[in-house]
Amino acid sequence: MTTAVDFTGPAVQEAERWTAHNYHPLPVVIAEAEGAWVTDVDGRRYLDCLAGYSALNFGHRHPALIAAAHEQLDRVTLTSRAFLHDQFGPFCHELAQLCGKDMVLPMNTGAEAVETAIKVARKWGYRVKGVPGGQATIVVADGNFHGRTTTIISFSTDPDARADFGPYTPGFRIVPYGDLAALAAAVDDTTVAVLLEPIQGEAGVLVPPAGYLPGVRELCTARNVLFVADEIQSGLGRTGATFACDDEHVIPDMYVLGKALGGGIVPVSAVAASSAVLGVLRPGEHGSTFGGNPLACAVARAVIALLNTGEPQARAQDVGAHLHARLGALLGHGLTAVRGRGLWAGIDIDPALMTGRQASERLMRKGILAKDTHGSTLRLAPPLVVTKPEIDTAVDALTEILHP
Ligand SMILES: Cc1ncc(COP(=O)(O)O)c(C=O)c1O
């Protein structure tokens, strides 16, 4: 990959001119992709080390997922939930079984699934737990990222996500992530749920201290509070297990899923829980026109079938161990911290060397696509189909930009 490439061409300029600037993309214009690799409009190839923020866990255009999509495109794509379709029951059944839960509620985007979890927890609180009307509280962690809707940003601690978008939805208490005592102190009789990422992705792939998630589980059980695990980014193979909660032998009351559930093809999200929890909903109380549509269900069923083989999880463990071993060797040599699990790493670059943004731009010029989260932190989350030699290519490029 040459460094003399012009990344300010007309395709970049057109996007800049005609879109709202709610993102700050790297100036690479992708035209094709396969597996762990993408190709830009000028034919340059890049190793994808972001994987659509984990939406592409199975790689770009996985043959089994593309086949499922094609087959479904040729039959029926949308019915709305006004009618049933032949992919709906099997999808809900298979996802519930993957999660070890009684039932699921499908939506489209991650934020919608989080909104679903919040609504279900509140209704469960009023109708089952007996919280007085309008009083329900949900405890969340600082540094969280659960999406971009007005309710969700109401409990964000990121000023960019929140500042100019009030007034905010009440009913949330924010406690330090990883601090069990603070969490216990925030729970009272109005608390219906604790909503957490088992590993905080956007915050920089922060892994909580050992014992934290089991402690949250115990606390929630003791206080009759729902433990809602947002596994939208951490789940479906990324950490080397089906769910990041599995790594801690913790079973939450509700899983919130998205991203990789749609196989990188269509947006598919869902919550999964017991019938005592999801059973509180009645017709008309929640829904989405595209939620659980035939195309989404067909692709997601193929995703679930892949996960049921255990192969993506095993690859994440094996190749992930190689990634972390290689990154660990850079500690003190340009990196000040390496965190994560499986094929997921948050790395802090010595701020004296460069920002995370500069690092991702320099990596791009070397044919590696990764993205900063904030400051000097970079997230690496390649598709789980990546190989060890490809990981070596990425880490070699990182080493070169740290020590030019
Ligand atoms: C943990 C977590 N929850 C929720 C979301 C929101 O998902 P979406 O962007 O599909 O709304 C994200 C997206 O990055 C996420 O990482």
I need the minimum non-hydrogen distance between [X] and [Y], along with the two atoms involved.
X: L384; Y: P312; value: CD1-O, 3.8 Å
X: V104; Y: A272; value: CG1-CB, 3.8 Å
X: L213; Y: E248; value: CD1-CG, 3.7 Å
X: V303; Y: G262; value: CG2-C, 4.5 Å
X: A69; Y: L295; value: O-CD1, 3.7 Å
X: H333; Y: H403; value: O-NE2, 2.8 Å

With no hydrogens and no angle check, do the side chains of [X] and [Y] hold a donor and an acceptor under 3.5 Å apart?
X: S234; Y: T239; result: no
X: T289; Y: S80; result: no
X: T242; Y: Q313; result: yes
X: R379; Y: Q233; result: yes
X: R238; Y: S54; result: yes
X: N108; Y: S269; result: no
X: E218; Y: T221; result: no
X: D350; Y: T336; result: no
X: D142; Y: T157; result: no

Neighbour count >12 (heavy atoms, 6.0 Å) for atom [atom1], [X]:
X: E14; atom1: CD; result: no
X: R75; atom1: CZ; result: yes
X: D164; atom1: CG; result: no
X: H93; atom1: NE2; result: no
X: H70; atom1: NE2; result: no
X: F227; atom1: CZ; result: yes
X: L206; atom1: CG; result: yes
X: Q13; atom1: CD; result: yes

Between the side chain of [X] and the main-chain N/O of [Y], is any donor-acceptor distance below 3.5 Å?
X: E197; Y: G201; answer: yes
X: K101; Y: S274; answer: no
X: R341; Y: G240; answer: no
X: H21; Y: E16; answer: yes
X: H85; Y: G292; answer: yes
X: D74; Y: E71; answer: no
X: N57; Y: G263; answer: no
X: H146; Y: V114; answer: no
X: R162; Y: S154; answer: yes
X: K259; Y: L56; answer: no

Is there a side-chain contact between [X] and [Y] in this structure, where contact means two heavy atoms from C-beta onward sitting under 4.5 Å apart?
X: P294; Y: F88; result: no
X: L195; Y: D230; result: yes
X: I265; Y: I66; result: yes
X: V228; Y: V256; result: yes
X: L226; Y: V120; result: no
X: Q200; Y: V205; result: no
X: L196; Y: V140; result: no
X: L369; Y: V38; result: yes

> Between Y212 and Y177, does the ring centre distance come in under 6.0 Å?
Replying inline: yes

> Applying the side chain to side chain donor-acceptor pair (under 3.5 Å) test to E115, which of T109, T149, T150 qualifies?
Replying inline: T149

> Quick one: which of Q358, R357, R365 gives a side chain to side chain donor-acceptor pair (under 3.5 Å) with E361?
Replying inline: R357

> Can T387 and R315 be said to form a side-chain contact (heavy atoms from CB on, under 4.5 Å), step by step?
Replying inline: CA-CA 9 Å; T387 63; R315 284 194 63 82; 4.3 Å; yes

> Do V194 and C220 pass the side-chain contact (heavy atoms from CB on, under 4.5 Å) test, and can you show the C-alpha distance, the side-chain angles, and the key distance before you say yes or no?
Replying inline: CA-CA 7 Å; V194 171; C220 287; 3.7 Å; yes

For [Y], is there an ion pair with [X] - N to carboxylate O distance below 4.0 angstrom?
X: D40; Y: R45; result: no
X: D188; Y: R223; result: no
X: D396; Y: R326; result: yes

Could you grab the distance from atom [atom1] of [X] to atom [atom2] of [Y], nearest 0.5 Å is fine?
X: L398; Y: L378; atom1: CG; atom2: CG; value: 7.5 Å
X: I232; Y: L261; atom1: CD1; atom2: CG; value: 10.0 Å
X: T355; Y: H374; atom1: OG1; atom2: NE2; value: 13.0 Å

>> Run L257 and V271 through side-chain contact (heavy atoms from CB on, under 4.5 Å) and show every step you take.
In response: CA-CA 6 Å; L257 304 173; V271 302; over 6 Å; no

>> Taking side-chain hydrogen bond (donor to acceptor under 3.5 Å, both in side chains) as the definition, give me every residue that meets it alongside N144, ordered by chain and number, with sequence neighbours left out.
In response: none

> Can you list the steps and then say if T137 with T191 is a side chain to side chain donor-acceptor pair (under 3.5 Å)?
Replying inline: CA-CA 5 Å; T137 56; T191 307; 3.2 Å; yes

> Which pairs count as salt bridge (charged side-chain N to carboxylate O under 4.0 Å, His left out) when at least one residue sits in residues 286-311, sequence neighbours excluded?
Replying inline: E94-R301

> Of the options L343, I391, V395, which is the one that meets H322 in a side chain to side chain contact (heavy atoms under 4.5 Å, CB included)?
Replying inline: I391

>> Determine whether D348 and R339 satisfy the following criterion, side-chain contact (heavy atoms from CB on, under 4.5 Å), listing intermediate values before the conclusion.
In response: CA-CA 9 Å; D348 294 343; R339 297 170 296 272; 2.9 Å; yes

